[in-house]
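None of these values were measured; they are calculated from a predicted model. Start at 1 and go down the list; that is how both ligands and their atoms are numbered. Computed over heavy atoms, backbone and side chain alike; hydrogens, waters and symmetry mates excluded.
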Amino acid sequence: MIVATTVEQVRAQVREWKSAGLTVGLVPTMGYLHEGHASLIDTARANCDRVVASVFVNPTQFGEGEDLDSYPRDFEHDCALLEEHGADMVFHPSVDEMYPDGGGQTATFVEILNDMPKQLCGKTRPIHFRGVCTVVSKLFNIVTPDKAFFGQKDAQQLAIIRRMVRDLSYGIQIVGCPIVREEDGLAKSSRNTYLSAEERAAALCLSRAVFLGQDLVAQGEKSADAVVDAMVASIQAEPLARIDYVSAVDGVTMEPVHTFDGTVLVAMAVYIGSTRLIDNFIVEA
Ligand code: PAF
C-alpha cells in the first residue's frame, strides 16, 4: 500500500491509474479505523479498480470545546487494517498540507446554505457540516475519484454530501454503506473508545431505541411522532444517557416529518457521560 502525505503524490499516482483506464474509489476517514470503515473499504474494493483511503482529522469540522485534540489516532493500526482490506493507497496529509494558510485556517469554505445542515446534529454543531463539505470537496479535487463511499451511520453527512455533489456537479457517484454494529448492537464508532465499562453498557440504550423504533414500524405504526416518543422514553430509562435529539426527518431534505411517508430518517444523538454518540434507521414507506 502506498502511503502518500502530499497532494502532489496522490495526484501523480491517480493520474497514472487513470491513464491505464482504471477506476478509483475514495473512502474518506478520520482514522482510528474499525470494522465499519473496513466495510467501506471492502465495498470500494468490490466496486473500483483502485481504492484510496484518506486518514485526516479535519480541524474545520470541530467546534470550540469539541474533541479535536483528544480525537483518537493510531496511524499504524489504520495502515494495518487498510492493507488487510486491500486499499491501494492511504492519503495521510498534515494539517498544513490540507490547509496551507496554517493552523487549520482557510479563507474558502464549501457550505450548503439551506436548512439541511441546521437540522439534527447541526443544531448543536453549527459549523460542523461546513467543515465536512469543505474537506470532502478538497479530497474530491485531490483524488478525483469515480466513486466515494460513506457510512449510513452519519446519515445527515451522507445526505449533505449527496446534495453538495449534485449542486456542484461533481461527477462522482456517492455510495452509502450500512451501519456496522458490535455483536450487542452498539453502532461501531471511533468515539466508543471514550466510554468507561459502565458507559459502554449504558450506550446500548441507543441501539435498543433503534430496534424498538424498527419494531414499532414493522408492527404498522404510521406516526413518526409516536415512534420518536417511544424511543425517547426508552433512552430516558438509562440514567447515564442525556438526549441531544431524537427526530424523524425527510431522508433527503432533513426537514422534520410527523408521519412515515416516502423515505424517512429516524436519527438520534445521545450523550453517554461526556461522549456524544449517534445512531439511526431509515424507514421506506
Ligand atoms: O465521517 C468522517 O469520518 C468525516 O466527517 C469525513 C467524511 C472523513 C470528513 O472529515
Enclosure of Glu284 CD (heavy-atom neighbours >12, cutoff 6.0 Å): yes

Atoms in ligand 1 flagged as close to [X], the criterion being non-hydrogen separation under 4.0 Å:
X: Val135; answer: 9 (C), 10 (O)
X: Thr29; answer: 8 (C)
X: Pro28; answer: 8 (C)

Suppose we call two aromatic rings close when their centres sit under 6.0 Å apart. Are His92 and Phe75 close by that rule? yes

side-chain contact (heavy atoms from CB on, under 4.5 Å) with Pro72: which residues, sequence neighbours excluded? Tyr32, Ser190, Thr193, Tyr194

Which residues pass the side-chain hydrogen bond (donor to acceptor under 3.5 Å, both in side chains) test with Asn114, not counting sequence neighbours? none

Polar proximity ligand 1 side, Gln61 side, N/O cut 3.5 Å exclusive: yes

Is Gln157 in polar range of ligand 1, meaning some N or O pair under 3.5 Å apart? yes

In sequence, state the C-alpha distance, the side-chain angles, and the governing distance for Gln9 and Thr6, and then conclude on side chain to side chain donor-acceptor pair (under 3.5 Å). CA-CA 5 Å; Gln9 267 174 292; Thr6 69; 3.2 Å; yes

